[in-house]
Student: 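Once you've had a glance at the structure underneath, I'll fire off some questions.
In what follows, every heavy atom counts, from backbone to side chain, and hydrogens, waters and symmetry copies are set aside. Note that the numbering runs from 1 along the sequence shown for the chain.
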Amino acid sequence: MRFRFNLIVFFIVLVAFATARPLSPSVSIRYDDILSGMSPSSSIGIMLGIDEDRYTGFDTDTDGNNMRLLVGWKWTVIGLGTVTDEDDNVSAQYTFGGRYEMMKNLYSTVEYVMVDNEDDGSDFLRIAVTINF
């Protein structure tokens with residue numbers, strides 16, 4: 001798991017330097033499952049600007065159990081990643097939603113999160129506030 005994370009970071013940094021695109025770290029405060037109690041968490045990531053409207057990058061929560069690649073265009077955001085549960089079972093995770101710039105480098109995001117888990121239907125809504133540096 002740590003090797004994949006390091007490989008993804010290396011690849012994004014390499015692409016940023018090779019294409020001279022803006023690369024900015026990000027920090028998020030997330031509120032998962034807002035319809036059933038709002039469990040807060042935090043995440044860190046890196047965003048790579050493609051042009052004024054498009055970006056890509058990745059983020060992971062601070063305990064490393066939730067990692068995803070992001071692609072965004074204007075106000076939309078799509079994510080593809082994995083989530084690890086308490087028993088170290090890894091499931092696919094898909095996210096899509098909207099992202100709104102409240103102020104320069106401060107964003108609010110609302111996403112629908114789908115987890116491909118056979119045990120239960122663990123889809124939920126997530127609200128996040130993100131700062132890009």
Side-chain angles (χ1 to χ4, degrees):
M1 176 98 165
R2 179 60 75 187
F3 177 73
R4 283 190 299 176
F5 178 75
N6 291 338
L7 185 63
I8 291 170
V9 171
F10 174 75
F11 177 72
I12 290 175
V13 170
L14 179 67
V15 169
F17 283 121
T19 60
R21 306 276 185 214
L23 184 67
S24 60
S26 67
V27 176
S28 297
I29 302 295
R30 297 176 175 172
Y31 295 95
D32 291 341
D33 204 4
I34 62 171
L35 300 178
S36 300
M38 294 178 91
S39 57
S41 64
S42 59
S43 72
I44 58 173
I46 292 178
M47 296 297 167
L48 173 66
I50 297 171
D51 61 20
E52 291 294 319
D53 293 331
R54 296 176 290 176
Y55 61 92
T56 187
F58 77 94
D59 69 358
T60 183
D61 60 3
T62 52
D63 59 5
N65 292 331
N66 185 339
M67 183 170 45
R68 64 186 177 147
L69 297 173
L70 299 170
V71 176
W73 181 56
K74 294 194 181 198
W75 58 270
T76 59
V77 61
I78 298 172
L80 175 63
T82 61
V83 62
T84 306
D85 63 10
E86 300 85 26
D87 299 326
D88 290 333
N89 297 322
V90 178
S91 302
Q93 173 182 265
Y94 312 98
T95 64
F96 64 92
R99 179 176 160 145
Y100 177 73
E101 185 173 12
M102 297 186 296
M103 294 189 322
K104 185 167 176 61
N105 296 328
L106 179 65
Y107 299 90
S108 65
T109 307
V110 176
E111 293 177 300
Y112 183 71
V113 180
M114 297 178 291
V115 178
D116 188 18
N117 189 344
E118 296 175 359
D119 296 338
D120 59 76
S122 52
D123 300 350
F124 57 88
L125 288 175
R126 172 188 290 158
I127 293 178
V129 176
T130 304
I131 299 171
N132 288 353
F133 297 96

Student: Please name all residues satisfying side-chain hydrogen bond (donor to acceptor under 3.5 Å, both in side chains) with Thr95, sequence neighbours left out, ordered by chain then number.
Tutor: Arg68
Student: When rounded to the nearest 0.5 angstrom, what distance separates OG1 in Thr109 from CD in Glu101?
Tutor: 11.0 Å
Student: In Å and rounded to the nearest 0.5 Å, what is the CZ to CG distance from Arg54 to Leu48?
Tutor: 11.5 Å
Student: Verify, without hydrogens or angle tests, whether Thr60 (side chain) and Asn66 (backbone) share a donor-acceptor contact under 3.5 angstrom.
Tutor: yes
Student: Mind checking the CZ-OG1 spacing from Arg99 to Thr76? Nearest 0.5 Å is all I need.
Tutor: 10.5 Å
Student: By side-chain hydrogen bond (donor to acceptor under 3.5 Å, both in side chains), which residues pair with Thr56, not counting sequence neighbours?
Tutor: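 For Thr56, no residue satisfies side-chain hydrogen bond (donor to acceptor under 3.5 Å, both in side chains) once neighbours in sequence are set aside.
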Student: Tell me, do Ile46 and Phe58 make a side-chain contact under 4.5 Å, heavy atoms counted?
Tutor: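 The answer is yes; the side chains approach within 4.5 Å.
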Student: Kindly write out the residues that satisfy salt bridge (Lys or Arg N to Asp or Glu O under 4.0 Å) with Arg30, not counting sequence neighbours, or none if the list is empty.
Tutor: Asp59
Student: Do Val110 and Ile29 land in one hydrophobic cluster if side-chain heavy atoms of ILVMFWY residues count as linked below 4.5 Å?
Tutor: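 Linked, Val110 and Ile29 end up in one cluster.
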Student: For the hydrophobic clusters of this structure (ILVMFWY residues joined by side-chain heavy atoms under 4.5 Å, transitively), does one cluster hold both Met114 and Leu125?
Tutor: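 As far as the 4.5 Å side-chain criterion goes, Leu125 and Met114 are connected within one cluster.
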Student: Heavy atoms only: give me the nearest Asp33-Phe124 pair and the separation to one decimal.
Tutor: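 That would be N-CD1, 3.3 Å.
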Student: Which ring pair (Phe, Tyr, Trp, His ring centres under 6.0 Å) pairs, counting each pair once, include a residue from residues 60-91, with sequence neighbours left out?
Tutor: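 Residue pairs with at least one partner in residues 60-91: there are none.
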Student: Looking at Asp123 and Val115, what are the two nearest heavy atoms and their distance?
Tutor: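 Where Asp123 meets Val115 most closely, the heavy atoms are OD1-N, 3.3 Å.
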Student: Calculate, to the nearest 0.5 Å, the distance between atoms CG and OG belonging to Asp32 and Ser41 respectively.
Tutor: 4.5 Å
Student: Does atom CE (Met103) have a neighbourhood of more than 12 heavy atoms from anything else shown, all under 6.0 Å?
Tutor: no
Student: Members other than Met47 in its cluster, when Ile, Leu, Val, Met, Phe, Trp, Tyr link by side-chain heavy atoms under 4.5 Å?
Tutor: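 Grouped by the 4.5 Å side-chain rule, Tyr55, Leu70, Val77 form the rest of the cluster around Met47.
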Student: Counting C-beta onward and ignoring hydrogens, is there a side-chain heavy-atom pair between Val27 and Phe133 closer than 4.5 Å?
Tutor: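 They are in side-chain contact.
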Student: Are the side chain of Asp63 and the backbone of Asn65 linked by a donor-acceptor contact shorter than 3.5 Å?
Tutor: yes
Student: To the nearest 0.5 Å, what is the distance between NZ (Lys104) and CD1 (Ile131)?
Tutor: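 Between Lys104 NZ and Ile131 CD1, I get 14.0 Å after rounding to 0.5 Å.
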Student: Considering non-hydrogen atoms only, spot the tightest contact between Asn132 and Thr130 and give its length.
Tutor: OD1-CG2, 3.7 Å
Student: By the ring pair (Phe, Tyr, Trp, His ring centres under 6.0 Å) test, which pairs, at least two apart or in different chains, include something from residues 92-113?
Tutor: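 The answer is Phe96-Tyr112.
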Student: Quick one: do Leu35 and Val113 end up in the same hydrophobic cluster if we chain Ile, Leu, Val, Met, Phe, Trp and Tyr together by side-chain heavy atoms under 4.5 Å apart?
Tutor: no
